[in-house]
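Take a look at the structure set out below.
Note that the structure is a prediction, hence the values are computed from the model and not measured.
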Amino acid sequence: MKADNNRVLIIALAANVGIAVAKFVAAAITGSSAMLTEGVHSLVDSTNQLLLMYGQKRAAKPADALHPAGYGRELYFWSFVVALLVFALGAGVSVYEGVIHVIEPEPAVSPLIAYGVLAIAFALEGGSTLAAFREFNAARRGQSWLQALTSTKDATTVIVLLENGAAMAGILIAAVGLALSQVTADPRFDGVASVLIGLLLGVVAIFLAREAKGLLIGEAADPELIAGIRRAATRQGIMGVGEIMTIHNAPTQIVAAVNVDFDNRLSAGDVERIVDAIERDLQAEFPSIYRVYVRPHEDAGMKLDARGLIRT
C-alpha cells in the first residue's frame, strides 16, 4: 500500500509542477485572474504532495523509547497541515484575487493561450486523478463513495483524489469564466470564476481538515477487523471475550487491546501460549495490526505479571 501511495504522490507532484508553471506563464501573458488563481492552486497542490511524502517517510520510523507506539500519526498530522494550506493559500488567495478583479476588472489578452493551457492542465490532472481513483476504488469494498471517503484511514489517497478532483472542476470554472468574459465583454466574470474556485477549495479543505482531525485524535479499526479479533480470542482456555479497543496510528498500523476471561485453572505458561497463539493468528490474518495487548478481566482471579498478560 505504501508503494502505491508513493506512486500516486509522485504522479500528482510531477503533474502539478508542470501545470503550475504553465498556468503562471499563461496568467502573465493573458492577465487572467482565474488563470493566476489556478496557478496558485497547482503550486499549493505541489507543496502538499511534498508534505505528504515527508509525512509518509516520518511515519515509517520504527518505535523508540520516546515514541513507543511508533511515528505513524505523523502522516495524519501532515495531512491536517495540508488541509490548512488548501484553505489558507488555495481558497484564501483565490477568493482575494477574484474580489480584486471584480472590483477592478482588467480585460484578458490572448485568451487562446489560456484555453490551451487549461486543456493541457485538464489532461494532466485527469491522469493523476485516475491513478488516485484506482487506488481508492480498489479499497472501497462495496461501500458508497461518501461512506468510503468518511471511513477510510488512508488520508494520502483521499487528499490526492479530492485535490485533483477540485483542480479539474476549477479548470472548468476558469474556462467558463474566461469564455463569459469574452462573450459579454465583461472581465468581471473572470473574477467571479476565481471566487467560485476559492469557495470550492474551501469546501474541500474543510472536509479534509475534518477527516484528518478525526484520524489525528484516533479512530477505531473497521468492524470487520474487530470481529476478527473477537474470533481469534475465542478459543479453548478463554471463558469469554469482553471489550475490544482498536486505534489507527497510521493506515496500516493498528494497535489492539482485548479484554478476556481466562479459565482460572490455567497456569501462567498456558496463558502465555494462548496469548502467543492469539497474536500470531491476528497478525497473520490482519498484517496491519502493529501491536496486540491481551489482558484478563479484573475478576478472573489470576495474579500474573505483565509479561504473562501483555504481548507486543
Side-chain angles (χ1 to χ4, degrees), residues 8-50 85-134 159-205:
V8 169
L9 287 173
I10 291 171
I11 292 173
L13 176 62
N16 280 314
V17 168
I19 291 169
V21 172
K23 287 176 179 177
F24 280 129
V25 171
I29 295 173
T30 64
S32 168
S33 168
M35 185 63 68
L36 178 62
T37 293
E38 278 297 301
V40 172
H41 182 185
S42 295
L43 185 62
V44 171
D45 283 354
S46 300
T47 304
N48 291 345
Q49 270 103 51
L50 288 173
L85 287 177
V86 172
F87 187 82
L89 296 181
V93 171
S94 298
V95 171
Y96 173 79
E97 278 293 323
V99 170
I100 292 297
H101 279 75
V102 169
I103 296 173
E104 299 178 3
E106 297 178 7
V109 296
S110 304
L112 290 179
I113 294 177
Y115 288 131
V117 169
L118 288 174
I120 294 172
F122 191 84
L124 291 175
E125 290 283 10
S128 177
T129 303
L130 183 60
F133 169 80
R134 286 173 176 168
I159 287 174
V160 173
L161 180 63
L162 292 184
E163 274 190 347
N164 286 2
M168 294 180 72
I171 290 170
L172 294 176
I173 294 172
V176 171
L178 190 60
L180 288 174
S181 296
Q182 284 184 274
V183 172
T184 63
D186 187 349
R188 286 178 296 182
F189 280 108
D190 188 50
V192 171
S194 184
V195 172
L196 292 176
I197 293 170
L199 294 176
L200 173 65
L201 290 178
V203 171
V204 171

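- At least one side-chain heavy atom of L172 sits under 4.5 Å from a side-chain heavy atom of F122.
- A pairwise comparison of heavy atoms in L201 and V86 identifies O-CG1, 3.7 Å as the closest pair.
- Looking at every heavy atom in both residues, A167 comes nearest to E125 through CB-OE2, 3.4 Å.
- Minimum heavy-atom separation, A193 to A174: CB-CA, 4.4 Å.
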Original post:
Passes side-chain contact (heavy atoms from CB on, under 4.5 Å), F24 versus V40? Steps please.
Top reply: CA-CA 8 Å; F24 280 129; V40 172; 4.2 Å; yes

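- Looking only at distances, a side-chain donor or acceptor of T47 sits under 3.5 Å from a matching main-chain atom of L43.
- Nearest heavy atoms, G198 versus V95: CA-CG2, 3.8 Å.
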Original post:
Going through the distances and angles, do L9 and L13 end up as a side-chain contact (heavy atoms from CB on, under 4.5 Å)?
Top reply: CA-CA 6 Å; L9 287 173; L13 176 62; over 6 Å; no

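- Checked by atom type and distance alone, the side chain of Y115 pairs as donor or acceptor with a backbone atom of A179 at under 3.5 Å.
- Counting all heavy atoms, side chain and backbone alike, T129 lies closest to G165 at OG1-N, 4.2 Å.
- Between atom CG of residue L124 and atom CD1 of residue I19 there is a gap of 4.5 Å, rounded to the nearest 0.5 Å.
- Counting non-hydrogen atoms of neighbouring residues, nucleotides and ligands closer than 6.0 angstrom, the OH atom of Y96 reaches no more than 12 such neighbours.
- A distance of 10.0 Å separates CD of E97 from CG of D190, quoted to the nearest 0.5 Å.
- Side-chain contact between N16 and N164 is present, with at least one heavy-atom pair separated by less than 4.5 Å.
- Smallest separation of non-hydrogen atoms from I171 and K23: CG1-NZ, 4.1 Å.
- Two residues are said to be in side-chain contact when any heavy atoms from C-beta on lie closer than 4.5 Å; V176 and L180 meet this criterion.
- Here the side chain of S194 pairs a donor or acceptor atom with the backbone of S94 at under 3.5 angstrom.
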